[in-house]
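Can you keep this structure in mind? I'll have questions shortly.
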Amino acid sequence: AEIIQQEISKQPTVKLYCLLGDSIDDISYYEKAWVFSKERSGLAQRHWGTYYFVRHEYENAIPHLQKSLEINSLQENLWLRLGYAALTLENYELASSAYIRYTQLEPDGFESWNNLAKCFIKMGNKQRAHKVFQESLKCNYDNWKIWENFLLVSVDVGSFDDAINAYNRLIELKEKEKYFDVEVLTILIRAIAKNVVDIEGNQSSRLKKKALELLAHLGSIHINEGIIFELSSLLVEEPLKKAEKLLKAYKGYAMKSPEWTKDESIGLKILEILHELCMNSLKAAENYNENEKMLVFNQLASARLPSTAAVKMAVKNEWESCREIAKEIELIVEKIQDKMKELKP
């Protein structure tokens, strides 16, 4: 500070005033630098704004950062600081404009793309956020947080193809943690099953094969997650294949909750799965090829046994919420038994 003051006494400059302000933490010298420059120095405003920024006084920092950028718009780091300050204060319009300018000057910074996407999400413009995340991933392909954000936005805007790709990438990146987001997966698969039109106006049913491959991969990792096989059953049309997946779903739910016989809510879920299992097993038995006869017979037997046991359990426990579906299953099981007599070798 003493050396700088000696230099100022010889020949004052904007830079010297700014350096003195930095060295003794006195903002009055930034003001002196600003006045000395006849209010034309972007450097003075930059030091002034930075003083507040590093102390997290973002409201005070923003006007000075903006003024400095008005004078010299090629200050990359200052755009980044302005964006961060505005984002922290939830001024998303200002933050997005700052990050846009920064990414134009420095397109390889994934954090800036990520923050820009966050701004668009907060502003309700998720389609732009989706495109921005794509740019962010180009900069950092191995960042699972960006992929997760990309997954959520892709599902939200109806970019189901991107959502499947993102889910697969997250499985790779979080292999040790065995990545599994039930809520997002359910929304994604149900949308494809219902053939919801995607962001580009295409029928999402075209992605059934790709979605089934994703579910098969997840099923090999999470063998006790019945929801995976239940969702998988929504993507197949053939009753026999649907029944096979529903049988796996039942086993998954039962294995994950071995005490389900004491829990009415889980019991109801299992009964709902068994109801669908019985219905599709019976449909398969109504229309099949001769070479499928034994497969159909075995499928009927596989549906009848757990369904009969589950109904008895529900009746024994007097589960009120399960009363109607238990009666329906009983009637279907009777039809299954009749069908099995017809098919019995």
Find out if a path of hydrophobic residues (ILVMFWY) with successive side-chain heavy-atom gaps under 4.5 Å connects Leu305 to Leu246.
no
Inter-residue atom distance Ser233.OG - Asn280.CG, 0.5 Å rounding:
7.5 Å
Any idea which heavy atoms bring Ala33 and Ala44 closest together, and the distance?
CB-CB, 3.9 Å
Any Ile164 side-chain heavy atom under 4.5 Å of Ile192 side chain
yes
Surrounding NZ of Lys208 (heavy atoms of other residues, nucleotides or ligands, distance under 6.0 Å), is the total greater than 12?
yes
To the nearest 0.5 Å, atom NZ of Lys131 lies from atom OG of Ser159 at 10.5 Å
Mind checking the CE-CG spacing from Met255 to Asn224? Nearest 0.5 Å is all I need.
4.0 Å
Could you report the tightest heavy-atom contact between Lys245 and Leu212, atom names first, then the distance?
CE-CD2, 4.4 Å
Got a salt bridge between Lys210 and Glu213, using NZ or NE/NH1/NH2 to carboxylate O under 4.0 Å?
no
Around atom CD of Gln104, are there more than 12 heavy atoms from other residues, nucleotides or ligands closer than 6.0 Å?
yes
Trp113 and Pro107: which non-hydrogen atoms are nearest, and at how many Å?
NE1-O, 2.8 Å
Any donor and acceptor pair, going by atom type alone, linking the side chain of Lys242 with main-chain N or O of Glu237 inside 3.5 Å?
no
Lys138 with Glu135: basic N within carboxylate O range, under 4.0 Å
yes
Please determine whether the number of non-hydrogen atoms from other residues, nucleotides or ligands lying under 6.0 Å from atom CZ of Arg206 exceeds 12.
yes
Is any side-chain heavy atom of Leu268 closer than 4.5 Å to one of Glu272?
yes
Could you tell me whether Glu225 and Lys178 make a salt bridge, using a distance below 4.0 angstrom between a side-chain N and a carboxylate O?
no
Do Val14 and Val35 sit in one hydrophobic cluster, given that two such residues count as connected whenever their side-chain heavy atoms are within less than 4.5 Å of each other, even indirectly?
no
Would you say that Glu230 contacts Ile227 through its side chain, given a criterion of any heavy-atom pair below 4.5 Å between the two side chains?
yes
Working to the nearest 0.5 Å, report the span between OH of Tyr99 and OH of Tyr84.
8.0 Å
Restricting to non-hydrogen atoms, name the atom on Val333 and the atom on Ser307 that form the minimum distance, rounded to 0.1 Å.
CG2-CB, 4.0 Å
Residues Lys283, Glu286: salt bridge by 4.0 Å N-O rule:
no
Nearest heavy-atom approach of Ser281 to Ala303 is OG-CB, 3.6 Å
Val236-Leu214 co-clustered via ILVMFWY side chain contacts under 4.5 Å:
yes
Counting only heavy atoms from other residues, nucleotides and ligands, does the tally under 6.0 Å from NZ of Lys118 exceed 12?
no
Verify, without hydrogens or angle tests, whether Asn195 (side chain) and Ser204 (backbone) share a donor-acceptor contact under 3.5 angstrom.
yes
Pairing of Glu330 and Lys327 as salt bridge, 4.0 angstrom limit:
no
Pick out which of Gln75, His47, Arg46 makes a side-chain hydrogen bond (donor to acceptor under 3.5 Å, both in side chains) with Ser68.
Gln75
Could you please spell out the steps behind the side chain to side chain contact (heavy atoms under 4.5 Å, CB included) verdict for Arg40 and Ile71?
CA-CA 7 Å; Arg40 289 182 294 188; Ile71 297 168; 5.8 Å; no
Give the intermediate values and the outcome of side chain to side chain contact (heavy atoms under 4.5 Å, CB included) for residues Leu94 and Gln66.
CA-CA 10 Å; Leu94 176 59; Gln66 286 178 305; 3.5 Å; yes
Between Trp79 (side chain) and Ser73 (backbone), is there a donor-acceptor pair under 3.5 Å?
yes
I want to check something: taking the side chain as every heavy atom from C-beta on, are Leu116 and Ser96 in contact at a cut-off of under 4.5 Å?
yes
Donor-acceptor under 3.5 Å (Asn317 side chain, Thr261 main chain)
yes
Indicate yes or no: at least one non-hydrogen side-chain atom of Leu234 is less than 4.5 angstrom from one of Leu231.
yes
Between Asp181 and Lys174, is there a side-chain N and carboxylate O pair less than 4.0 Å apart?
no
Linked, directly or transitively: Val197 and Val157 (ILVMFWY side chains, under 4.5 Å)
no
Please say whether more than 12 non-hydrogen atoms of neighbouring residues, nucleotides or ligands are located less than 6.0 Å from CG in Asn287.
no
Working for side chain to side chain contact (heavy atoms under 4.5 Å, CB included), residues Asp156 and Ile121
CA-CA 11 Å; Asp156 226 1; Ile121 291 171; over 6 Å; no
Is a side-chain N or O of Lys126 found less than 3.5 angstrom from the main chain of Val153, in a donor-acceptor match?
no
Residue pair Phe133 / Ile146, side-chain heavy-atom distance below 4.5 Å
yes
Just one of Tyr51, Trp48, Trp34, Phe53 clears the ring-ring contact (aromatic ring centres under 6.0 Å, His included) bar with His64, so which one?
Trp48
Is the number of heavy atoms from other residues, nucleotides or ligands within 6.0 Å of CD (Glu76) greater than 12?
yes
Please find the pair of heavy atoms, one from Ala314 and one from Cys322, that lie closest to each other, and give the distance.
CB-CB, 4.1 Å
Any heavy-atom pair between the side chains of Tyr102 and Asn115 that's under 4.5 Å?
no
Asp161 vs Asp198, side chain to side chain contact (heavy atoms under 4.5 Å, CB included): CA-CA, chis, key distance, verdict
CA-CA 9 Å; Asp161 201 357; Asp198 69 12; 6.0 Å; no
For atom CD of Gln337, decide whether the heavy atoms of other residues, nucleotides or ligands shown that lie under 6.0 angstrom number more than 12.
yes
Should Val132 and Thr103 count as side-chain neighbours, where that means a heavy-atom distance under 4.5 Å?
no
To the nearest 0.5 Å, tell me how far Tyr250 OH sits from Leu271 CG.
10.0 Å
Assess whether atom CD of Glu93 is packed by more than 12 heavy atoms of other residues, nucleotides or ligands within 6.0 Å.
no
If you group Ile, Leu, Val, Met, Phe, Trp and Tyr by side-chain heavy-atom gaps below 4.5 Å, do Leu137 and Ile100 land in one group?
no
Give, for atom CG of Leu218 and atom CZ of Phe229, the distance between the pair rounded to the nearest 0.5 Å.
9.5 Å
